[in-house]
Number of protein chains: 2
Amino acid sequence: MTAAAREPDTDDVFRALADPRRRQILRLVAREELAAGEIAAAFDVTRTAVSQHLTVLRSADLLTERRDGTRRLYRANPDRIAALRTALDELWASSLDLGRRLVEAERDAGEGSTR
Amino acid sequence: MTAAAREPDTDDVFRALADPRRRQILRLVAREELAAGEIAAAFDVTRTAVSQHLTVLRSADLLTERRDGTRRLYRANPDRIAALRTALDELWASSLDLGRRLVEAERDAGEGSTR
DNA sequence: GTCTAACGTTAGCCACAACTGGCGGAAGAG
DNA sequence: CTCTTCCGCCAGTTGTGGCTAACGTTAGAC
């Protein structure tokens with residue numbers, strides 16, 4: 001059975017961050033709001049491509065959008081990064097305390113794990 | 001060929017973690033070594049597919065491989081996760097701790113922002 | 001009203017990533 | 001030696017993500 005733990009939130013964030021361009025965009029708007037056009041100007045791909053990246057980032061809730069006339073200002077949402085760090089810890093949840101894990105490794109003889 | 005001519009950079013790690021299946025694999029071997037076959041048994045894809053996932057994870061240095069006869073035992077490499085957290089911090093370098101960032105946001109008028 | 005600027009959206013193309021199936025090599029059992 | 005198990009590698013197919021180009025929409029200037 002592959003019901004698999006559903007984690008759309010985490011998955012979206014991971015996938016969004018998997019692209020180098022998107023990470024760069026995120027860096028651009030980490031500290032200041034930038035308009036879509038300004039962001040696009042930082043790359044040599046078309047404005048459309050950047051717009052799609054922005055959509056992906058926004059879907060993952062990594063960006064906040066603010067409209068100012070015809071312009072749309074974007075800014076990174078740090079809360080999401082914090083959430084991602086939590087997700088990383090959860091990924092490692094089975095052995096959160098690393099020190100203990102290493103000790104366990106030394107004497108990995110006894111294990112009562114169910115799978 | 002020089003040993004380890006390939007140093008897994010941030011991109012590799014992000015891309016490797018972008019796939020839900022790979023994350024699940026990582027969780028499986030977080031605390032105990034598992035053979036490739038055992039890992040494959042946990043999914044309903046073919047053994048080959050899992051083997052390829054393992055290769056990707058190993059390329060990102062997220063796994064360590066140990067051979068025992070015909071079997072190959074895999075285990076997660078926690079150091080890489082730690083490195084990833086560092087990368088996240090760098091991504092967020094301009095506003096590392098949330099508390100301070102929020103305060104900053106409150107008074108972001110102090111910045112050169114003209115709005 | 002018209003015109004322009006700044007965006008997002010859609011359709012289609014192309015490259016890559018994930019999958020399946022078949023093959024071959026290495027280690028242990030007989 | 002043969003036979004089996006365990007596993008990675010290769011070839012081929014399918015699905016998906018990122019790209020461009022053309023179009024639609026909104027807001028402001030005239």
Side-chain angles (χ1 to χ4, degrees), chain A residues 2 4 6-8 10-29 32-76, chain B residues 1 6 8-29 32-75 114-115:
Chain A
T2 58
R6 174 102 172 102
E7 41 181 12
T10 307
D11 200 42
D12 289 337
V13 176
F14 267 114
R15 270 202 333 126
L17 287 177
D19 190 292
R21 246 176 270 263
R22 269 180 235 131
R23 283 194 304 255
Q24 201 170 344
I25 289 177
L26 221 43
R27 253 184 238 111
L28 281 178
V29 296
E32 58 178 344
E33 278 183 328
L34 284 181
E38 298 178 286
I39 299 173
F43 302 91
D44 56 350
V45 293
T46 61
R47 190 177 49 72
T48 306
V50 173
S51 180
Q52 288 169 343
H53 281 309
L54 289 173
T55 300
V56 173
L57 287 169
R58 199 178 24 185
S59 295
D61 204 20
L62 282 164
L63 288 184
T64 61
E65 179 192 304
R66 186 171 72 89
R67 309 174 79 128
D68 173 42
T70 68
R71 303 168 37 162
R72 309 201 180 181
L73 302 175
Y74 292 95
R75 162 176 244 165
Chain B
M1 177 98 100
R6 167 141 192 80
D9 53 1
T10 309
D11 201 41
D12 289 328
V13 178
F14 268 114
R15 262 197 345 118
L17 288 176
D19 190 294
R21 242 175 272 264
R22 283 195 284 261
R23 264 177 284 147
Q24 201 169 345
I25 289 177
L26 222 43
R27 253 185 238 110
L28 282 178
V29 296
E32 55 180 346
E33 277 184 328
L34 285 180
E38 297 178 286
I39 299 173
F43 302 90
D44 57 351
V45 293
T46 60
R47 189 179 50 70
T48 306
V50 173
S51 180
Q52 287 168 342
H53 280 309
L54 290 174
T55 300
V56 172
L57 288 169
R58 199 179 25 187
S59 295
D61 203 20
L62 282 164
L63 288 183
T64 60
E65 179 192 305
R66 186 171 72 90
R67 308 175 81 128
D68 172 41
T70 69
R71 304 170 45 175
R72 308 200 181 184
L73 303 175
Y74 291 95
R75 157 175 262 173
T114 66
R115 194 71 52 197

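Below, read A as the first sequence line, B as the second, and so on, with proteins coming before strands; counting in each chain starts at 1.
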What string of B, S and - do you get for nucleotides 18-30 of chain D 5' to 3' if you count protein non-hydrogen atoms under 4.0 Å? SBBBB---BBS--

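Applying the salt bridge (Lys or Arg N to Asp or Glu O under 4.0 Å) rule to Arg23(A) yields the partners Asp11(B); only residues at least two apart in sequence or on another chain are considered. With sequence neighbours excluded, the residues forming a side-chain contact (heavy atoms from CB on, under 4.5 Å) with Arg72(B) are Glu65(B), Arg67(B), Tyr74(B), listed by chain and number. For Val50(B), the side-chain contact (heavy atoms from CB on, under 4.5 Å) partners are Ile25(B), Ile39(B), Ala40(B), Phe43(B), Val45(B), Leu54(B), not counting sequence neighbours. Checked against salt bridge (Lys or Arg N to Asp or Glu O under 4.0 Å), Arg21(A) has no partners two or more places apart in sequence or in another chain. Applying the salt bridge (Lys or Arg N to Asp or Glu O under 4.0 Å) test to Arg47(B) and every residue at least two apart in sequence or in another chain returns nothing. Residues meeting the side-chain contact (heavy atoms from CB on, under 4.5 Å) test with Thr70(B), sequence neighbours left out: none. For Arg71(B), the salt bridge (Lys or Arg N to Asp or Glu O under 4.0 Å) test picks out Glu38(B), with sequence neighbours left out.
Within a heavy-atom distance below 4.0 Å of DNA chain D, no residue of residues 35-43 of chain A is found.
To the nearest angstrom, C1' of dG17(D) lies 14 Å from CG of Asp11(A). Put simply, CG on Leu34(B) is 15 Å from C1' on dC7(D), counting in whole angstrom units. The CG atom of Leu54(B) sits 16 Å away from the P atom of dC6(D) (whole-angstrom rounding).
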